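Below, read A as the first sequence line, B as the second, and so on, with proteins coming before strands; counting in each chain starts at 1. These figures come from a predicted structure and were not determined experimentally.
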Amino acid sequence: MLRLEGITKIFGGLTALKDVSLSVTTGSITGIIGPNGAGKTTLFNIITGLYTQTSGDVYLNQKNISFFPPEVLAGIGLVRTFQNVELFGQMTVLENVMVGLHTKSHSGIFSCAFKMPGQIKEERYIREKALQWLEFTGMADLSGIQAENLPFGKGRLLEISRALAVEPRIILMDEPAAGLNSRETAGLAHLISRIRESGITVVLVEHDMELVMDICESIIVLNLGKKLTEGTPREIQENEAVIAAYLGDG
Amino acid sequence: MLGGMLTFFFLVIFGLPLAPSIILAILISTIVGITFERLAIRPLKNAKPIRLIIITIGASIFMRGAAMLIWGKDTHALPAFSGNDPLYIAQATILPQHLWIFAITILIIIASRLFFNHSIIGKAMRACAYNAQVASLVGIDVKIMVMLSFAVSAAIGSMAGIIIAPLTMTSYDVGIMLGLKGFCAVIIGGMSSGLGTVLGGLLLGLLEALGAGFISASYKDAIAFIILLLILFFRPEGLFKKKETERV
Amino acid sequence: MAIFISRKLKTMLKIKNINTYYGQVHALKNVSLHLTEGEIVTLIGANGAGKTTLLNSLSGIVPSRSGQILFNDTPINDLYAHQIVKMGISQVPEGRQVFKPLSVEDNLELGAYLYNRKRADKTETKKTGEMVYGLFPILKERRKQLAGTLSGGELQMLSIGRALMARPKLLLLDEPSMGLAPMVAQEIFQVIGNLSREKKTTILLVEQNARAALKLANRGYVLETGRLILEGTAASLLENKEVQRAYLGKDKKEIWER
Amino acid sequence: MTKEKRQILIFLIFALALLITPFFLQGSYYLNVLVFIGIHTMLAVALNLLLGYAGQISLGHAAFFGLGAYISGILTTRFSLDPWLVIVLAAVCAATIAFVIGFPILKLKGHYLAMATLGFGIIIYIIFNETVSWTGGPSGLSGIPSLHIGSWIFDNDLYNYYLIWIITLAVMLLSINLSQSRIGRALRAIHDSEVAARVMGINARVLKVQIFTVSAFISAIAGSLYAHTMTFIAPASFGFNFSVELVTMVVVGGLGSIYGSFLGAAILTILPEFLRFFHDFDIIIYGLLLIIINMFMPGGLISGLQSLAEIAAAKMKGKTRGDA
Amino acid sequence: MFKNLFRIIFTLLFFVLLAGAAVAAPPIKIGALFSVSGPASFLGEPERNTAQMMVEQINKAGGIKGRKLELIVYDTQADATKAVQAVNRLIKDDKVVAIIGPSTTGDSMAVIPVVEKAEIPLISCAAGIKITEPVKKWIFKTAQNDVLAVARIYQYMKEQKISKVAILTVSDGFGSSGREQLVLQSKDFGIEIISDETYGPADKDMTVQLTKIRGSAAQAIICWGTNPGPAIVARNAKQLGIKTPLYMSHGVSSKRFIELAGDGSEGIILPSGRVIVADQLPNADPQKKALLSYVNGYRKQYKVEGDHFGGHAWDAIMLLKRAIERGGDSPAAIRDELEKTKDFAGIGGTFNYSEQDHAGLTKDAFVLVQINQGDWKLIK
């Protein structure tokens with residue numbers, strides 16, 4: 001589904017990523033792990049169009065999406081969440097998810113201002129759909145709360161709900177478990193599995209190894225900007241190179 | 001950044017005997033700068049730039065109003081520092097005040113270069129500008145540094161106002177245009193590059209004069225702002241600064 | 001269960017039950033630890049375990065919400081970052097954050113920012129400077145260069161050197177090997193070892209590279225999702241399978257949630 | 001749904017209150033002040049769409065106001081075109097200019113955006129001032145015809161009041177609609193986090209330019225109406241100071257609130273009337289107001305009023321509950 | 001804290017409404033619109049001071065036919081919008097019988113439609129020729145037209161055999177109107193404008209324009225503007241070493257100009273109302289009595305020299321007083337009586353209004369003065 005070929009990214013004189021190639025199969029949950037500074041977030045930013053790579057290409061379903069800006073990527077079904085939770089703080093939970101449905105609606109400024117019949121119908125659709133997604137993530141009862149007043153764990157869930165509202169084919173999550181307690185993490189694991197079951201491919205960068213080992217079918221390890229190895233959780237746990245990368249080779 | 005905006009606040013009138021009044025004027029405007037920072041900017045530490053801009057505008061209106069009440073609405077002429085008789089150098093004539101401006105500008109540039117490149121406080125200020133958190137980790141009190149930067153920009157701003165006043169005269173509403181053009185010069189030259197700013201200022205003056213000569217003097221200011229727009233559109237990092245690839 | 005090596009020496013740093021929050025995230029949960037003069041203690045754990053947060057709480061950047069931090073018996077919880085430096089604690093922040101627009105020399109000079117008032121201090125600073133150049137001869141070679149032009153390893157050296165300029169009693173090192181090639185990382189660790197051996201500097205070393213850190217340290221603590229889960233002598237930790245589990249989550253069922 | 005109904009009710013009450021106001025102010029000059037409040041409200045709403053919703057500052061909005069006024073003024077006096085036609089023409093013209101400069105200008109952020117819009121405003125101002133043969137230069141352009149429908153001429157305060165306020169109310173209603181639609185949500189999303197908004201598929205760049213264009217369009221209509229009600233225009237009304245005044249209106253009233261814009265416009269239009277008692281202090285009070293409201297009431301006066309109302313409502317509720 | 005803020009705001013609002021609803025009082029109400037603050041405050045301030053002083057004097061002397069005058073002054077800030085709001089307030093709320101001001105041509109043009117419709121006489125204190133040309137039924141003015149000032153200068157130049165001039169005008173209402181007249185009348189006097197430059201009202205340096213003029217063959221430079229621009233021109237000219245004689249407009253005929261321009265002002269020639277050279281006038285001059293009374297009165301009350309801007313307000317008040325004395329206090333009567341004004345020797349000149357002329361002055365309203373050792377000297 002998602003394929004990277006020879007991605008290299010140089011910041012100033014610093015090589016953050018060097019010749020990284022990988023692929024993600026449709027309908028899988030893939031984890032990207034690696035020690036701090038390995039280039040995981042940089043890789044995410046390149047895939048989602050926030051950074052431009054120095055060289056290399058990104059393909060989504062055989063289509064080269066290397067230089068697509070994020071808004072276009074959202075339109076063709078690629079969406080992401082953020083490590084630090086980027087909510088629209090001044091808006092309610094429901095409105096946040098409604099923004100997620102932006103690509104699924106088309107009324108222009110004119111029809112919005114004049115409340116054309118089509119727009120009213122569309123608005124109703126957006127609202128219903130958004131509520132559906134909030135139910136999916138179990139947040140429907142919080143829909144009227146202003147997003148910046150949510151507790152952190154709920155904020156994460158909202159961000160995921162909002163991303164789901166884009167109806168993506170593939171969702172990239174940047175450390176979804178960071179800052180969550182163990183119960184929330186367990187809930188998250190369950191949610192991610194359900195997302196996959198609904199046919200969406202999931203890629204996550206995660207530090208919580210319990211989570212990664214638990215739900216990922218395939219894991220890619222980055223170290224010092226290069227791909228170290230890839231494999232199933234068990235393979236990774238037993239791989240000496242990975243253990244060395246994490247624990248040091250002393 | 002705010003220094004450019006602040007400059008025009010302090011182009012205000014002070015009309016006592018010359019030498020002591022200049023010192024007093026610089027002192028007072030420095031205090032005003034510090035007060036402004038303490039009362040209006042510091043409480044809003046993490047505010048969005050839009051609110052800072054609006055507060056800055058509010059403060060400038062307020063100070064203009066205060067100046068108008070204290071010194072009246074009339075235009076005042078400041079005596080030149082040393083006489084008004086032009087000097088003749090070859091074909092050109094030049095006023096002693098021009099020499100003063102020239103000398104003081106050079107002095108300020110040299111002083112600020114020395115300050116920022118060779119004094120520990122100056123270096124600490126630059127460190128704060130680059131990365132405030134790490135600066136605090138080496139023992140620099142960031143709050144004091146921010147206050148100091150307001151003080152320095154206020155002092156230099158008022159200094160500029162004072163040296164130019166004998167030529168342009170001064171009144172409560174003078175300075176907006178000058179301040180804005182100062183900002184143009186800074187943008188043309190590139191932020192945080194002292195020499196660039198001076199070159200920017202020179203270039204701006206030159207282009208204005210050329211524009212005035214070839215088109216019409218009445219469009220002088222328009223020319224300045226068109227240049228500003230063009231530079232913002234095409235080279236927001238300034239003409240004389242190398243493009244920096246900063247990791248975001 | 002802890003084994004204390006140098007009981008006779010004074011306890012320099014004592015952290016009691018601190019809780020720290022990053023915004024809404026509860027990043028440190030009831031963490032307690034202590035450091036004795038002259039020790040190297042390492043704090044290891046996987047990404048996101050809260051190691052950096054602990055250092056930032058210590059140095060006043062992210063103050064803890066509850067608990068107590070005693071440095072030579074003085075509470076320092078409520079001090080600002082710059083005041084803590086004055087107390088004698090210097091942090092080498094993660095990611096080699098030096099002042100890139102300034103020269104190497106200026107960076108070091110700013111490290112000694114606290115000592116710019118008195119003349120006696122200045123001569124002392126000069127000596128410290130010589131010491132740092134002695135530790136890292138490459139910095140002396142490059143002292144006129146802008147810090148932004150240095151390589152990764154050199155940046156890390158400069159970052160450590162800058163912290164040393166404040167003549168700290170306690171040096172906090174945050175992942176000095178992060179993102180460095182193994183050879184370079186090794187060099188850095190060597191210097192840290194020297195510092196402790198020759199200069200008797202007390203060091204709290206945060207590392208992800210557990211093996212290297214434990215080889216260097218006297219004692220170690222293992223942090224997992226904001227909690228201390230293990231402590232002991234470096235040698236005992238090196239042998240402990242639990243450490244590996246904390247990193248890679250192996251055999252998780254047995255030790256899940258304690 | 002009840003929320004929506006309540007909003008419609010509020011708007012109807014608001015509109016009704018404004019429409020019957022003249023009966024209490026017959027022959028008073030306050031009617032004239034209210035005409036200006038209407039024009040200023042239109043402008044504040046236009047700027048609020050940009051500043052309050054999309055979070056993009058403009059210190060040059062007086063230029064669009066001026067463009068509307070001058071295009072109307074020039075085309076009706078020098079070419080005797082039909083005023084109604086000219087209003088549309090002027091608005092389209094200003095919107096086109098906004099659209100063209102919008103792309104490069106809205107790429108900028110923060111202080112740079114403020115400076116660029118300010119620069120644009122000053123350039124336009126200088127053009128008004130210097131093209132004497134067209135605009136009459138600094139001493140102004142007089143003899144602009146009043147608007148009329150058939151033989152019904154809008155040349156007194158009462159007629160002008162209804163003309164301006166019906167259009168202003170329409171602008172307010174459309175803006176409220178817009179702010180509660182997907183476009184409004186997208187704008188607020190850009191304001192809160194541009195990156196996240198883009199990831200959600202919002203084309204931030206295009207949308208910002210669109211709203212800038214709409215804002216200019218409304219401002220130009222306000223300008224045209226101003227020209228036709230005043231029948232005289234001079235560049236001094238469209239300078240930097242007025243741009244700042246507009247920003248003040250929006251901020252004082254409340255960023256992101258349409259009714260707030262009305263409140264801000266009303267207060268800033270009436271303020272000078274009673275600041276006359278303070279004589280020369282008005283400019284100081286003006287500056288202080290801007291600082292204080294920004295520091296202590298970031299939501300503006302409207303949110304202050306709202307929270308007061310909520311407190312009152314809560315008290316009432318408490319009482320009734322106590323009774324029951 | 002917010003609650004208190006609200007309380008203050010609403011209390012203030014309440015007072016405004018009260019003030020607006022005040023009941024009409026017996027005195028004769030006269031409205032005044034002056035740009036007391038803003039860019040044209042140099043006009044508005046002396047005008048307001050003079051008008052207030054005059055009304056005080058008249059009331060002290062028993063008013064007009066036993067009725068006191070009440071002067072209501074609003075500040076227009078030289079902004080058309082504010083001027084229109086203020087004039088509406090004067091007419092509708094204060095119910096004045098006549099209005100003096102505004103100070104600037106722009107403000108005057110802005111309020112004229114309102115005043116004409118309300119049928120209230122207005123005596124403008126601004127100079128622009130557009131105000132009374134074409135003649136509007138209810139509009140008069142006291143400030144000398146720039147037509148006359150230009151004519152006065154050109155006439156003098158012709159006598160001095162100057163035929164090539166450079167003009168340098170400010171791009172505001174005053175300057176652009178002057179420029180128009182300078183260009184228009186040059187042919188009548190056989191004068192050729194060989195250099196035509198402008199500068200902005202807030203400009204601080206005119207060396208560029210002057211350098212261009214220096215390169216031309218001009219025998220004289222005419223600068224048209226109000227303070228502080230011309231003072232800068234004078235300084236710049238001196239600094240460039242320009243020896244060409246410099247002429248200025250009546251816009252700078254106040255002591256302030258000499259102060260601002262310093263040494264640069266020496267030798268400058270300008271047309272002016274007689275007020276600045278009141279004591280140099282021959283005793284036979286019909287205006288001398290009025291002038292001395294104004295100059296001395298103003299100095300006594302405000303401790304500064306009165307100038308001819310204040311004089312415009314003096315004339316306006318006196319014209320009104322005469323009209324009311326003769327015809328009573330209805331707006332229509334005042335208008336009719338104003339139009340009949342003949343040979344009224346005021347500060348700005350000797351006024352003769354008629355159905356065709358609501359400006360009332362001839363070019364004799366101006367004298368030419370030269371600045372000599374920091375003071376005015378009457379040339380002729």
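Using a 4.5 Å cut-off between heavy atoms, A:E122 touches chain D through its side chain atoms alone. For a residue to count as touching a neighbouring chain, one of its non-hydrogen atoms must lie under 4.5 Å from one of that chain's; by this rule A:T48 does not touch chain D. Residue contact with chain D, scored on non-hydrogen atoms closer than 4.5 Å, involves the backbone and the side chain of A:V99 alike. Proximity to chain A (any heavy atom under 4.5 Å) is restricted, for D:V214, to the side chain, taken from C-beta onward. Proximity to chain D (any heavy atom under 4.5 Å) is restricted, for A:E123, to the side chain, taken from C-beta onward. Contact of D:A197 with chain A is made through backbone and side chain together, with heavy-atom distances under 4.5 Å.
Among the candidates D:R188, D:Q180, D:H191, the residue making the largest number of heavy-atom pairs closer than 4.5 Å to chain A is D:R188. Highest contact tally toward chain D, considering only A:N96, A:I109, A:V166, A:T103, is held by A:I109 [criterion: heavy-atom pairs under 4.5 Å]. Taking A:K115, A:E86, A:H102 one by one and counting their heavy-atom pairs under 4.5 Å with chain D, the maximum is reached by A:H102.
In summary, the side chains of A:S111 and A:Q119 do not present any donor paired with an acceptor at a separation below 3.5 Å, with no hydrogens or angles considered. Using modelled atom types, one finds a donor on one side chain and an acceptor on the other under 3.5 Å when comparing A:N45 with A:R80.
Side-chain contact between D:K107 and D:R205 is present, with heavy atoms from C-beta onward closer than 4.5 Å.
Between D:F212 and D:F64, the distance separating the two ring centers is shorter than 6.0 angstrom.
The main-chain N or O of A:L87 is never found under 3.5 Å from a side-chain atom of A:E159 such that the two would form a donor-acceptor pair. Side-chain atoms of A:S143 do not come within 3.5 Å of backbone N or O of A:M139 as any donor-acceptor pair.
Cation-pi geometry between A:R156 and A:F82 is not satisfied (NZ or CZ under 6.0 Å from the ring centre, within 45° of the ring normal).
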